[in-house]
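A short write-up of the structure that comes next.
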Amino acid sequence: MNKKNFRNLTSEEVIQLEKQGCKAQDWQKIKISPELNLRYIENVKFQGFLLIGKDVVLKDIPGGIGNCVINEGAHINNVFCILFEEGSRHGVGTQISVLDETGSRPVTIYPGISSQIATLMARQPGWIKNKLETNFDDFIESKITSPEIGEKAVIINSGPILNVHIGREVIVEGATRLLNGSIINNAGEGKGLAYVGTGVDAENFIIEDGSVKTKAILENCYVGQGVEIAKGFTAHDSLFFANSTLENGESNSVLAGPYSVSVHKSTLLIGIQTSFMNAGSGSNQSNHMYKLGPVHWGVLERGVKTSSGSYLMLGAKIGAFSLLMGSHKTHPDSSMFPFSYLFGDERGATVVVPAAMLRSCGLMRDEIKWPKRDRRLKRKLPLHDLINFNVLNPASVDSMLKAIDTIEELLTKPSDDDLFMRFKGMKFRRAALERATWIYRIAIFKYLSQKLSDNKFPQGKNGQPEEWLDLGGLIITRSCLNKILEAENITDAEALLKEAHDNFDQLELQWIADRFDENWKSQEEQINIYAKKFDDMVEEDKEEYLKMLDEETKMLAL
């Protein structure tokens with residue numbers, strides 16, 4: 001909007017506005033576009049300075065509007081007030097106390113923050129202070145949004161809005177109260193995702209290409225691209241990244257990475273990091289033992305599902321793509337056994353059935369459906385969160401390789417008197433361990449069949465294989481992570497993350513060359529054979545499931 005041509009109101013225009021029910025503390029502080037049609041401004045109280053663009057509609061704002069720029073095409077009707085105070089940061093720079101509720105792992109939010117940067121702030125709490133503190137303060141200052149209403153923004157039927165930047169084409173309708181925040185749309189014209197709906201109450205927040213509606217309550221939150229929060233969900237000190245869906249329940253101090261889903265009532269997420277997670281009804285965690293406060297926290301690695309009524313006492317770390325059932329009170333770390341069923345027994349101990357999830361026909365379905373459900377696509381917006389959708393990836397496969405070694409060692413020992421074997425506070429049946437070794441192996445062959453051209457291993461460098469980890473949805477090597485942690489500023493860190501994402505395939509092949517020993521490489525001719533056994537196992541599970549479903553349908557028929 002070209003503000004050079006803006007001018008003060010004439011005395012005739014002031015009289016016209018007063019006749020239309022408007023009043024102002026000082027009419028001289030209001031400047032308008034010469035093309036503004038004053039006929040569409042009625043019953044408005046003006047406070048402080050204002051710049052009003054062309055084609056703006058302002059109606060029924062009794063509590064006042066002021067100290068901001070209203071860009072062309074904005075439509076504001078039946079809103080109690082929209083006011084800005086000098087020095088407001090509009091939610092930018094708010095510190096979110098994720099994971100540990102006491103605030104020892106704060107994440108500072110800003111427009112454009114990614115799941116990866118947020119994870120680094122929370123999981124490496126000294127990173128900002130030790131490496132970036134001076135530069136970071138300047139960076140945050142550069143990200144503070146302006147006191148304005150964006151072009152073609154629509155704000156209707158809402159309560160007080162104080163110190164809230166509302167971006168281009170953002171829609172706010174029926175909000176109860178918005179305080180100290182930014183609502184940002186990065187999408188192309190007519191493709192916006194940024195929306196705030198009926199009954200929303202939000203304070204100290206950034207909503208960026210996300211949707212918050214139907215009586216949701218937010219305090220100290222970031223809502224990222226493609227995120228949907230609705231149906232009375234309550235959140236404080238929580239971060240939600242790409243395509244997460246939250247309804248009905250509650251979150252406290254949660255770092256919800258891409259595709260985190262919780263849609264049931266009575267579900268509490270507290271003090272955990274998640275990604276590709278699905279929470280069953282009544283799932284909850286506890287982070288307070290009535291000793292030193294709510295200092296406990298945990299990690300649900302990629303793809304964890306929690307069953308209805310599950311409970312997890314933190315701290316705990318649950319392995320990737322596992323199913324958590326029952327009550328777990330012994331602080332389990334099952335990260336070395338991905339794709340497991342975890343049962344809580346009558347005493348709260350964790351019984352592990354390793355590799356059981358690999359049989360599920362739903363697992364590979366997840367890998368296919370996630371990209372198709374990416375709400376960010378075809379929106380012409382920059383994608384902040386870097387996501388690798390692979391279920392079988394260097395991090396999960398490396399865990400399986402290590403699990404095989406651990407299981408083989410465990411099987412050399414006798415079972416306890418109750419016929420269980422114990423490891424790091426978890427319980428295993430011998431038969432489950434024996435079966436898991438086989439399932440892990442054929443799953444690894446399946447992975448190799450997907451990655452190796454003509455089933456030929458690439459030439460290794462005879463070096464130490466890279467360690468891989470999941471950084472908020474991005475599968476990344478430890479050496480790449482170390483480079484990022486040495487970056488001099490956030491911009492450089494983001495560039496290194498993008499480089500790691502773009503080079504994933506090349507780095508993955510190098511890892512395969514270095515990680516797999518001669519025992520695996522000598523079985524190149526067997527790769528397709530064992531990969532087919534994996535496919536057959538999954539297909540058998542699908543057939544059994546469909547048969548059971550058919551029987552249920554017949555049972556329920558009239």
Side-chain angles (χ1 to χ4, degrees), residues 92-96 98 105-145 167 182 184-188 206 208-210 222 224-227 239-243 255 257-259 273 275 302 371 374 376-377 379-390 393-395 466-511:
V92 177
T94 298
Q95 290 198 330
I96 312 298
V98 295
R105 297 175 175 273
V107 173
T108 304
I109 59 173
Y110 59 87
I113 189 172
S114 68
S115 175
Q116 286 72 45
I117 293 294
T119 298
L120 288 177
M121 288 186 192
R123 299 290 295 275
Q124 298 281 341
W127 176 47
I128 296 296
K129 183 175 182 180
N130 297 336
K131 297 295 297 184
L132 306 177
E133 188 167 22
T134 302
N135 289 334
F136 187 67
D137 290 343
D138 294 339
F139 174 78
I140 292 297
E141 288 295 322
S142 73
K143 293 289 185 176
I144 295 174
T145 51
S182 292
I184 299 167
N185 168 42
N186 295 304
I206 295 175
E208 188 166 13
D209 303 312
Y222 175 85
Q225 295 181 311
V227 174
L239 311 169
F240 306 100
F241 292 99
N243 302 306
L255 203 174
Y259 292 88
Q273 180 178 0
S275 64
R302 167 182 293 227
D374 193 338
R376 305 172 302 167
L377 299 182
R379 300 282 179 170
K380 297 183 179 179
L381 52 76
L383 303 183
H384 300 326
D385 302 325
L386 302 172
I387 304 174
N388 183 298
F389 293 100
N390 297 353
N393 60 65
E466 287 269 21
E467 178 189 358
W468 289 75
L469 48 88
D470 190 337
L471 186 69
L474 174 66
I475 307 299
I476 189 172
T477 64
R478 176 67 69 179
S479 62
C480 288
L481 175 62
N482 290 338
K483 289 180 182 178
I484 293 163
L485 292 173
E486 291 301 316
E488 295 184 356
N489 54 62
I490 291 291
T491 302
D492 289 349
E494 289 172 338
L496 288 168
L497 284 165
K498 181 67 164 56
E499 181 182 325
H501 180 264
D502 293 344
N503 293 337
F504 173 80
D505 291 338
Q506 176 186 341
L507 293 169
E508 182 180 34
L509 284 176
Q510 186 59 56
W511 175 79

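The analysis underlying the following values was restricted to heavy atoms, covering all of them including side chains, and did not include hydrogens, waters or symmetry mates. One-based numbering along the sequence shown.
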| said: Any side-chain to backbone donor/acceptor pair from D209 onto N186? Under 3.5 Å, distance only. | reply: yes
| field | From CG (L120) to CG (L471), nearest 0.5 Å | value | 5.0 Å
| request: Looking only at non-hydrogen atoms, find the nearest pair between L496 and I484 and report the distance. | output: CB-CG1, 3.6 Å
| Of all heavy-atom pairs between A395 and N393, which one has the smallest distance, and what is that distance? | N-OD1, 2.9 Å
| said: Would you say that L132 contacts F139 through its side chain, given a criterion of any heavy-atom pair below 4.5 Å between the two side chains? | reply: no
| request: Only counting residues at least two apart or in another chain, list the ones meeting side chain to side chain contact (heavy atoms under 4.5 Å, CB included) with S275. | output: P258, R302, D470
| When rounded to the nearest 0.5 angstrom, what is the spacing between CD in Q273 and CG in L239? | 10.0 Å
| message | Could you check whether Q116 and H501, counting side-chain N and O atoms only, form a donor-acceptor pair closer than 3.5 Å? | response | no
| field | Min side-chain heavy-atom separation L507-Q510 under 4.5 Å | value | no
| request: Taking S115 for its side chain and G472 for its backbone only, find out whether a donor-acceptor pair lies under 3.5 Å. | output: yes
| task | Identify the two heavy atoms, one from A242 and one from D385, that lie closest to each other, and give their separation to 0.1 Å. | result | N-OD2, 2.9 Å
| Side chains of I387 and R376: closer than 4.5 Å at any heavy-atom pair? | yes
| said: Quick check: do I113 and I490 have side-chain heavy atoms less than 4.5 Å from each other? | reply: no
| field | For A493 against I117, the heavy-atom pair lying closest together | value | CB-CD1, 4.2 Å
| request: For residues 480-489, pull every pair meeting salt bridge (Lys or Arg N to Asp or Glu O under 4.0 Å), keeping only residues two or more places apart or in separate chains. | output: K131-E486
| request: Side-chain contact test, heavy atoms from C-beta onward, threshold under 4.5 Å: evaluate it for D505 versus L509 and give yes or no. | output: no
| task | Could you check S479 against E466 for side chain to side chain donor-acceptor pair (under 3.5 Å), going step by step and ending with a plain yes or no? | result | CA-CA 7 Å; S479 62; E466 287 269 21; 2.6 Å; yes
| task | For the residue pair F241 and Y222, categorise the inter-ring angle as parallel (less than 30°), tilted (30 to 60°) or perpendicular (more than 60°). | result | tilted
| query | With distance as the sole criterion, is a donor-acceptor pair present between the side chains of Q225 and R379 under 3.5 Å? | reply | no
| message | I'd like to check D502 versus E499 (side-chain heavy atoms, cut-off strictly below 4.5 Å). Are they in contact? | response | no
| task | Indicate, with yes or no, if the rings of F504 and W468 have centres closer together than 6.0 Å. | result | yes
| query | Which atoms form the tightest heavy-atom contact between F240 and V227, and what is the distance? | reply | O-CG2, 3.5 Å
| message | Are the side chains of I144 and E141 in contact, using a 4.5 Å heavy-atom criterion? | response | yes
| query | Does G112 offer a backbone N or O that forms a donor-acceptor pair with the side chain of E208 under 3.5 Å? | reply | yes
| Can you check side-chain contact (heavy atoms from CB on, under 4.5 Å) on T477 and W511, steps first, answer last? | CA-CA 9 Å; T477 64; W511 175 79; over 6 Å; no
| request: Measure across P394 and I475 and return the closest heavy-atom pair with its distance rounded to 0.1 Å. | output: CD-CG2, 4.2 Å
| query | Considering only heavy atoms from C-beta outward, does the side chain of T145 approach that of I206 to under 4.5 Å? | reply | no
| task | Report the distance from atom CG of L474 to atom OG of S114, rounding to the nearest 0.5 Å. | result | 9.0 Å
| note | Rounded to the nearest 0.5 angstrom, the CD1-CG distance for I476 and L497 is 5.5 Å
